[in-house]
Amino acid sequence: MDLYEYQARKLLDEQSIATPKAIFAQNSHEVADAAERIGYPCVIKAQVKIGHRGQAGGVKLAASRDEAILAAEQILPMSIHGHKTSGVLVAEAKNILHEYYVSISLDRTSRDFDVLATANGGTEVESIARERPEAVKRLHISALDDFDLEAATAMAQSIGFYHADVDQAAQVLLKMWRCFKENDATLVEINPLAKIGDPDDESSKSLCALDAKISLDDNAAFRHDGWQRFDDPHQFDPFEERAREHGLHYVHLSGEVGVIGNGAGLVMSSLDAVSGAGEAQRTGVKPANFLDIGGGASAEVMSESLRIVLSDPQVESILINIYGGITSCEQVANGILRALDALGSSKPIIVRFDGNAAAEGLHILRDAGNPGVHVCDTMEQAAQRAAELAATAKEARR
Ligand code: GDP
Ligand code: MN
């Protein structure tokens, strides 16, 4: 899971890494209040889970309340590289003397931790690495060795932190490492790690994290209360939210053919079958979702799944592809009929069963005689039919 900058900053604060004072705001009123509290000049920064915001116009300086409001009105409606802005961070503007870049990330190949750093930060590290590869240092923290102040100091020196900054940089590295470890992160990046202060007053100068990017390891969520504190109610997809409440694996896509199956592999194949079907290619219809009902799914689970997929107004037809293992196709058939009774939906359902009690399941569906339920023998036929029926229904709506 990637964090927003305003969330990542909290984790840095917890390790007492210096960050500018800042307030998260979601409308121009809140921005004006926040700016008054922070003072001027302040920076208004788009909160999106993607970098290069500065270049995209998502980071603006404001010298007054009016400028802050204007910046908010420009930034809040923005999408940056396809990511909708979820709010802005109003941060104290610092006088930057120098910009460093430092990141710690998980290196799956070498099975240790990469520290990537350059004394020429600020711009994107990718472009520095391209243009001046010698300026970017790549060091390692081993999973077994202790990373202590001595090791951090040696690292700060070899990165090329200016003499006066080495001790502070070592502290920052050590704190970043703690932040990485304690939060089960896969990435902790500070860019810029800025040297700030008054150029004429040596004692005013210090290192400050002006931007932070943190990714957390989803596999460790159980150790952190599911990271509920980073839940983002504004960005939740209502369908995905509902599926999650029922323990279903659902991903909302943008097409017209709902897809339900058991087992991630089978559902993926079903998505491919729909995308690749001649009718889909001809008419441009696409899968509307991924929904895996899992193993041993009951009639209730089937019926809840259909309810979720049918509540998506884009859906024109639904492909149900079940390989009965622990799940009995008989149960699935009953679930389908029960859901259709309760929902009274007229959207076509295309069913392909195989495995445990497939014949019995198909028998139940045929006996019910619901004209909206179509039975197919193979996944390819079912996908083709689902695409065709979705395209017809879509055309009829025009
Ligand atoms: P990014 O473009 O998404 O990486 O966003 P950043 O937060 O890193 O901001 C981009 C650039 O804006 C930084 O590299 C700085 O040059 C500038 N910037 C950000 N905060 C401040 C600040 O407090 N003072 C000044 N003068 N510039 C800032
Ligand atoms: Mn940055």
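Hydrogens, waters and symmetry mates are skipped; everything else that's a heavy atom, side chains included, is used. For ligands, and for the atoms within them, numbers begin at 1 and follow the listed sequence. What you see is a predicted model; the values in this text were computed from it and never measured.
The closest approach between a heavy atom of Pro192 and any atom of ligand 1 is below 4.0 Å.
Shown here is Ile96, whose CD1 atom has more than 12 heavy atoms of other residues, nucleotides or ligands within 6.0 Å.
Rounded to 10°, the angle that O of Asn191 and OD2 of Asp211 form at the Mn ion (ligand 2) is 90°.
Between the choices Glu5, Arg53, Glu99, the shortest heavy-atom distance to atom 1 (P) of ligand 1 belongs to Arg53. Between atom 20 (N) of ligand 1 and the options Asn95, Asp211, Leu210, Ile50, the minimum heavy-atom separation is to Leu210. Residue nearest to atom 25 (C) of ligand 1, selected from Glu92, Lys45, Lys94, Lys60: Lys94 (by heavy-atom distance).
Residue Ala93 has at least one heavy-atom neighbour below 4.0 Å for each of these atoms of ligand 1: 23 (O).
The closest side-chain donor-acceptor pair between Asp13 and Thr19 falls under 3.5 angstrom. For the residue pair Ser270/Asn321, the side-chain donor-acceptor check at 3.5 Å is satisfied. Judged purely by distance below 3.5 Å, without hydrogens or angles, the side chains of Ser110 and Asp112 pair a donor atom with an acceptor atom.
One N or O on the side chain of Arg53 and one on the backbone of Ala46 form a donor-acceptor pair closer than 3.5 Å.
The proximity of Asn191 to ligand 1, defined as any non-hydrogen pair under 4.0 Å, is limited to the backbone.
Of the polar atoms of Gly54, at least one N or O is found under 3.5 Å from an N or O of ligand 1, judged by distance alone.
With respect to the salt-bridge test (charged N to carboxylate O, under 4.0 angstrom), the residues Glu304 and Arg242 qualify.
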